Amino acid sequence: MTQQSTASKQEHQKTERLHPQLALNVERMQREFLNCSDIMFRKCSVGGMDRAVLIYVDGMCDVQAVDEFVLRPLLKHFSRSLPKAEGDEEELRESFIPTLKIRPVAETQEVIKAVLRGETAVFTEGNAFALLADLVKMEQRSIEEATSEKVVRGPRDAFMESLSTNTSLLRRRIRSSSLKLESMTLGSLTETDIVIGYMEGIAKDSLVDEVKARLQKIKLDGIIHSSNIEEYIEDNTFSPFPQIQNTERPDVAVSSLLEGKVIIITSNTPFVLIVPMTYWSGLQAVDDYTDRFMYATFVRWIRYTFVHISLLLPSLYVALTTYHLQVIPTPLVVSIASAREGVPLPAVIEALIMEFIFEGLREAGIRLPQQVGPAVSIAGALVIGQAVVAAGIISTPMVIIVSLTGIASFAFPLYNLGTAYRMLRFPLLIVAGVLGFYGIVLFLILLSVHMVTLKPFGVPYMAPYAPMSPGNLGDVLVRAPKYKMRRLMPWLAKGKTERFPKRSK
Amino acid sequence: MNISNRQLFWIFMMLEIGINLLISMTPTILSAKQDAWISYIIAGFMALLITYSAAKLSSRYPRQTLIEFSVSILGKWAGKLIVIPFLLQWVWVMSLILRDEYLFIRLSVLYKTPAWVVIGTMLAVVLYTVHHGGIEAIGRVSELWGPILMIILALTFGLTVNNLNWSLLLPVYADSGLGPIMEGSLAPLSLLGEVTLLMMLFPFVERPGAGTRKALLLGVALSSFTLLLGVLWVMMTFGPAVGGRLQFPFFEMVKLVYLMEFIQNMDIFVMAVWLVCIFVKLSIYMFAASYGVAQWIGRAGSWKRVLWVLAAVSFILTMVVITLNPPAGLLLKDVWIRYVLPVNLVGIPLLLLVVSYVKEKVKGQT
Amino acid sequence: MFRRMTFIFLVLSLTLTGCWDRQELNDQAIVLGWGMDLVEKGKYLATANLVLPLASESGGQQGGEQGGRSSFMTESAYGRNNRDAEQNMQRKLSRVLFPGHRRNIFIGEKLAEHGVFSIMDEYSRSPMVRPRANMFVVKGGTAQEVMSLAYQLETNPAIAMQKIQEKSGAPISRSLLDFYIMTNGTGCGIMPAITILSPEVKTDKKSKNDSPPQTTLGLYGAAIFNSGLRLAGYLNYDEYWVRLWLADKLAFRNFTALVNAADADPSGGNAADAVSGATKGQTVSVNVDSFHRQITPMFQGDLPRFRITLEGKGYIEENNSPLDLSKPANVQKVETRMNQYVEQQVERVVAKVQKDFKCDILELGETLHHRHPYRWKKLAADWETLFPEIELDIAVKLDITGTGTTSKSLLPTRDGGEK
């Protein structure tokens, strides 16, 4: 079916209204839900005739509540006043169905959507509308600990699939009416609910409008995961670097909100998107803010070091051993030379192979069933670490380099920033193998040029370092005591950048 | 597309340090002997004067580049004619920088790699930067790498302290005299004087004004100071006789770093930040030249097309320079110091400044 | 977007077309030491000390020797200069000679006597070579003899020599650079000298695992080069420190002098007695680890003279004399004796330098140049003839700051009694 005809059909359906006759309505519904075994029709027959029909999705409504608050009052009502029921919409809604959320709807299409969302529709004889009782109760897991962002100290709760739970997790933390949560629906078939959250008065209007505009531009059939949105709204898809942050931690989302960023919550996804992302926010971990500031600064520098190790170490090794041997201290050269003796592969090929195998192991490791996991990783470690060296195919220093690089690449607090570096390692390795250190430097320059030209949602990616905003460096080069970090980034803040008054000490 | 004052500071810092560290020391030491540091102080002060006059000139026309305000000062024909030496200088200097870079790379890391690869890759990175990010990207990259450069240089100075021998600076003045010291200061001055490039960058500054002038003066002052430290270190490590004969004395000095058996041979890291300096310098020249040429022919909007042409031209020019291989000293002394320094770096800016003042006065009287 | 992709692709493909400078580690023969000997005029014998990477079975996990294989090899070749010899050497080697780690250069005595002018240029010109290197003159032998000798403590004799030199109070690994700087100053040069030392007493090996002292490498002292860069003579190990002290480069040194019982009496007996050991005396050793020197040029008419003050701080490490060191007066006596002894040593060496070598390795001319540049201009031309006749006032001031872990000796009172 072409898109146009779908659209016109939808247009036609939108105007379709319900019929006063119950049987016609039910027939219409049955036609709509043909072959949908999960849609339930419950007839209420009093005195041999159908007086009302309940339609709901099996497993999406609170059966007990429907029983108690919808079905039972209805039956009671019908058994009391026999013949006519026209015009008593008010009566039905107000007195007979004692639930919080109930509304009459006359449009067929809206009823269908509501039913699919999990509401219970009540069709009554003689009424050209259906009553929609919001007794949605879906099976959902309870709030669990964040698995991808673990912390030593700090809140344990994580976002989950349910949208309303997620918004409640935020609202629990920000009891202010300036936390705005605007909702919209995306995806022509999946009809996924999306909530855009921001702090009014902190976030720039232009940013909020830009986010909304970009979201509204998305035209696609289904949104399965928040990453679908991510690729549609990010500025530069042809970049290895993520420009939209994701988190499953409400505390991270809240602190981003307070910094003037905008969050996007997608239904059925425990990962919330935060826009705009800066490079440094990908390197800040939650623990930085719960540890004492000196230790946090120390750890942060260790992290920065490891981040660069994960990018540079193999190529530096290759460049230094095959191009600039004179730079390595003499005793080290002698021991590396001894270790490399008899290894048939050139260093760059050796490094590429090992990195390749390491990435493969990691990829396989993610998908391993839990029972076989240890077995395979032991085999991998043995095969690569021991046998390969013993067989003289790979040299020992290379194994050290690759495993160190591998470990370093997990030092990223943000997983997909780590993947960017992990991927860039390969071209860098090739460049280092061709032009040595000169190539590495040129590559780094190119990389830094690329990074400073990235501007997700108008905010420079490397801010507040380049371009520099000295007032915000307290959260980049060090982790300053919290009372010192009282400024918002000028690119994010609307109006004044001060978050709270200066502490008098 | 604009840059902040802080970025301008870093741009000039890196632009001044880069090639100066490499090529200006040898001629200065040769002529001023152990008093080379005095030459550097003199050069620094004169460079500050040049900076001040150029900045003064530019702040009279804060929204115009050199190409534009020379026309507003001297009228259409004279204004267009007088900037021709600048356009030639910019195009020419790129190939000189590239050649020096190639010479240095060939001597220190890549011995056999052909010239076109070394130059081509560098030029490609520059082209990408200028084309893709323009002046904004250059500013930010300088801001990103500038502090790293300073840290590495500080480390270098710190780690070579134990090689220093104060007495190599003695006797002061007696061996050289005023003449040689002044002559020695010409080489660093002619390179520090490249700060006149600011006349092309001024209109791209976010808030041009007193802050911009301060940033520029500070940038030139700090880079002169770094160079002064560099030459002092070189003198105290090698003495005037050896220092004056080494081709790249600063980098030879860095090779002497030796601490705890393991920290040695920092030269490769110094080379890395030095390459970034060269990159910044080339990009700025590339931007200024292509934008200048585009404005000169009256089509500022199509400067990116000019950029492609200039990149190709400077590649060919560099290859020609490398093939002909004129001695570096000759170029520095006979072309740069004799013509570029008096004409481009001092003469024309002063002339424009004076004419601009006089014009204003005349206007005020009538 | 796509333009950017093509751009990156272009850069990559440009660089992928070749690896011009790539040289695998196992295709290089790492040169750790380089020796030059003169065969006849215009013909040199070069010797290279190469790292011998171990067979890879153990992957370098066991350092040192393996199965009796030593971890270095030497190779040699004739040639007309360094590079020529290197090229001739290359035809015997399956790997490319890599001079980037050539930290030690050995020069045979014959070559040193003939003059090192003809070979030293390469050590500063070749771009791969580092400026931080040592140069040694082999006293009474050829470079090849020294380089072939296995050294027991280290895996490589070249490295061993470098370390020995560092451990004897001299500055670390920069004798080559210092040589260049110095020859440009006063014209004279100085280099550490090494020699082959046989064990003092020959002890036979009685069983397989015995390890009696063997013939080994040792530091001899310093070789002095005159302004023609020809060997003028040597300062031996007991004289070398004088020059280091005068150049403010000495790091530590032990002085042992005789102190006789007579010294217990009013101090200042005959100094010569104590120094010569003519009268019966016992030894005292002072370990000095902080040195300072002051050279002050003065003028008598047109002729310069110098006052040289040498200061040092140290503590007594060994006392075999009957002096009771718990008494400050006795420490004072040791100090006086020490000063006299050291002063005589210094005077002797300085006289040797002035009269025998006639070469200003004490850098007195440079000092004059620094302090009195205008007068130096007149003197500079005939400094070489002036230098041997220059008058020097030498004063040594050692300051004994401690007496070690004991004050009185732990030994019982000895003959002569406690004084």
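Sequence lines set the chain letters: A, B, ... in the order given, protein chains first and strands last, and positions in each chain run from 1. Everything quoted here is computed from the prediction, not taken from an experiment.
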Legend entry - Proximal component of B:V118, with respect to chain A [non-hydrogen, under 4.5 Å]: both
Inset, instruction - Could you verify whether a donor N or O on one side chain and an acceptor N or O on the other, from A:Y465 and B:E143, lie under 3.5 Å apart? - result: no
Legend entry - Top contributor to chain A interface from B:I268, B:I105, B:V141 [non-hydrogen pairs under 4.5 Å]: B:I268
Inset, instruction - Sort B:L110 into side chain, backbone, both or neither according to what part of it lies under 4.5 angstrom from a heavy atom of chain A. - result: side chain
Legend entry - Engaged part of B:S283 at the chain A interface, taking heavy atoms whose separation is under 4.5 Å: neither
Inset, instruction - Check whether B:T113 gets within reach of chain A through its side chain, its backbone, both or neither, counting any heavy atom under 4.5 Å. - result: side chain
Legend entry - Heavy-atom contact with chain A under 4.5 Å, split by part of B:L144: both
Legend entry - Polar contact flag, side-chain donor to acceptor under 3.5 angstrom, A:Y438-B:E101: yes
Legend entry - Under 3.5 Å donor-acceptor, A:Y323 side chain and A:G433 backbone: yes
Legend entry - Donor-acceptor side-chain pairing of A:N472 and A:S469 below 3.5 angstrom: yes
Inset, instruction - Identify whether the distance between the nearest side-chain nitrogen and carboxylate oxygen of A:K494 and A:D205 falls below 4.0 Å. - result: yes
Legend entry - Engaged part of A:L320 at the chain B interface, taking heavy atoms whose separation is under 4.5 Å: side chain
Inset, instruction - Report yes or no: is the cationic atom of A:R422 (NZ for Lys, CZ for Arg) closer than 6.0 Å to the six-membered ring centre of A:F412, at no more than 45° off its axis? - result: no
Legend entry - Side-chain donor-acceptor pair present, A:E350, A:S395, cut-off under 3.5 Å: yes
Inset, instruction - Against chain A, label B:M271 side chain, backbone, both or neither, depending on which of its atoms sit under 4.5 Å from a heavy atom there. - result: side chain
Inset, instruction - For each of A:G436, A:G439, A:P460, tally heavy-atom pairs with chain B at distances under 4.5 Å, and name the one with the top tally. - result: A:P460
Legend entry - Side chain, backbone, both or neither of B:W145 within contact of chain A (heavy atoms, under 4.5 Å): side chain
Legend entry - Any side-chain donor near an acceptor of the partner, B:N5 and B:T212, under 3.5 Å: yes
Legend entry - Under 4.5 Å from any heavy atom of chain B - which part of A:M462: side chain
Legend entry - Heavy-atom proximity to chain B below 4.5 Å, by part of A:V441: side chain
